[in-house]
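Structure record follows, encoded as structure tokens.
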Amino acid sequence: MNNDNRTAGRPCIIHDLGRRPYSQVLTLQRDLVQARQDRELAADALLLVEHDPVFTLGRRGLRDGLLVSEAFLKQQGISLVHIERGGDITYHGPGQLVAYLIMDLRLAGLGVTSFVCNIEEVMLRTARDAGIQAHTDPKNRGAWVAERKLGSIGIAVRHGITFHGLALNVNTDLTPFSYINPCGLAGVQMTSLALETGHHQDFDQIKKWLTGHMKEVFSCNPISAPLTALIWD
């Protein structure tokens, strides 16, 4: 966790977007990154969202990681989107908590590695709140329970501004993960907080815990401010 005083009390606009299509939120992130770069957005921003079913393919992603046809995906109502984040192929869907942090790393005094470690720490603390002892793996970033992957990380940095972020499986239907090699890892077993605890999780409570840990780990000072014309009605 970063304890640099330069990040103390950094203002951050936090918005819970509810459930949204992936493409819509991707456009929002790109707009926010541009606004942050142009100093039209005077604070960092944290977006919390639950996505409609979608597979996203990162810069290193190959279609080899997709184990089913696109026609099958269409039948299942799952989209496939190529994006600019790091990492390989992963799944987002209902019951999964996704958090996107648009942060100016230079102003925060953070490097990319420290930023990723902080994101992992947020997931570990949230899992602990739910009664699960998760851990990290320096070879495969994210949050793990034994050999099972609980949360994934995929970020992009544009002119020093971060976007994309983390995906924590809460009550997620894990079936779609069997259609891919998650994060390019053949044979990896995915898990969720619900599966590990043996019962359905209070999604809103998990969201509150994760948001609180985002504030703590990144020393964010939440401020009430609209995302101006970049946010939807």
Side-chain angles (χ1 to χ4, degrees), residues 1-2 46-51 54-56 58 60-61 65 83 85-101 103 110-157 162-178 180-220:
M1 177 180 137
N2 179 73
L46 172 63
L47 307 177
L48 303 170
V49 66
E50 188 178 8
H51 284 305
V54 61
F55 286 120
T56 62
R60 295 188 293 106
I83 53 176
R85 65 157 170 78
D88 210 291
I89 190 168
T90 194
Y91 171 74
H92 298 306
Q96 183 189 73
L97 177 55
V98 179
Y100 299 126
L101 185 56
M103 174 172 278
L110 285 172
V112 173
T113 300
S114 296
F115 179 82
V116 171
C117 288
N118 281 4
I119 290 286
E120 289 178 322
E121 179 66 19
V122 167
M123 290 196 288
L124 298 190
R125 293 187 185 191
T126 305
R128 194 178 309 131
D129 289 335
I132 300 300
Q133 191 64 42
H135 64 88
T136 60
D137 180 345
K139 294 182 180 179
N140 298 301
R141 306 313 295 249
W144 298 78
V145 181
E147 301 301 316
R148 303 176 296 279
K149 193 165 191 180
L150 176 67
S152 302
I153 296 175
I155 69 165
V157 181
T162 65
F163 59 123
H164 297 288
L166 69 86
L168 182 67
N169 296 324
V170 181
N171 299 312
T172 322
D173 177 4
L174 301 175
T175 304
F177 284 107
S178 68
I180 60 173
N181 286 326
C183 304
L185 303 174
V188 67
Q189 182 181 355
M190 302 298 293
T191 191
S192 67
L193 292 177
L195 185 62
E196 294 297 327
T197 59
H199 60 83
H200 188 86
Q201 294 291 310
D202 183 332
F203 196 82
D204 287 337
Q205 181 60 66
I206 298 296
K207 192 182 299 183
K208 289 178 183 177
W209 283 335
L210 185 137
T211 302
H213 294 312
M214 276 284 193
K215 296 174 188 176
E216 295 164 359
V217 171
F218 287 97
S219 299
C220 292

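Atom set for the values below is all heavy atoms of this structure, side chains included, hydrogens, waters and symmetry mates excluded. Note that the structure is a prediction, hence the values are computed from the model and not measured. Position 1 is the first residue of the sequence, and the numbers go up from there.
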[X] side chain near [Y] side chain, heavy-atom distance below 4.5 Å:
X      : Y      : answer
Leu110 : Phe218 : yes
Val122 : Leu168 : no
His213 : Asp129 : yes
Phe203 : Glu50  : yes
Phe115 : Leu101 : yes

So how far is it from [X] [atom1] to [Y] [atom2], rounded to the nearest 0.5 Å?
X      : Y      : atom1 : atom2 : value
Lys207 : Met214 : NZ    : CE    : 13.5 Å
Ile132 : Leu195 : CD1   : CG    : 9.0 Å
Glu216 : Thr211 : CD    : OG1   : 11.0 Å
Phe163 : Ile83  : CZ    : CD1   : 9.0 Å
Glu147 : Thr191 : CD    : OG1   : 12.5 Å
Thr126 : Leu193 : OG1   : CG    : 8.5 Å

Next item on the list: Using the side chain to side chain contact (heavy atoms under 4.5 Å, CB included) rule, take Asp173 and Tyr91 through it: C-alpha gap first, then chi angles, then the decisive distance, then the call.
Entry: CA-CA 10 Å; Asp173 177 4; Tyr91 171 74; 5.8 Å; no
Is a donor on one side and an acceptor on the other found under 3.5 Å between the side chain of [X] and the backbone of [Y]?
X      : Y      : result
His135 : Ala146 : yes
Ser152 : Ala167 : no
Gln201 : Ser192 : no
Asn169 : Thr172 : no
Glu120 : Gly142 : yes

Next item on the list: Dump the intermediate steps for side chain to side chain contact (heavy atoms under 4.5 Å, CB included) on Phe177 and Thr90, then the final yes or no.
Entry: CA-CA 8 Å; Phe177 284 107; Thr90 194; 4.1 Å; yes
Next item on the list: Return the orientation label for the His51 and His92 ring planes: parallel under 30°, perpendicular over 60°, tilted otherwise.
Entry: tilted
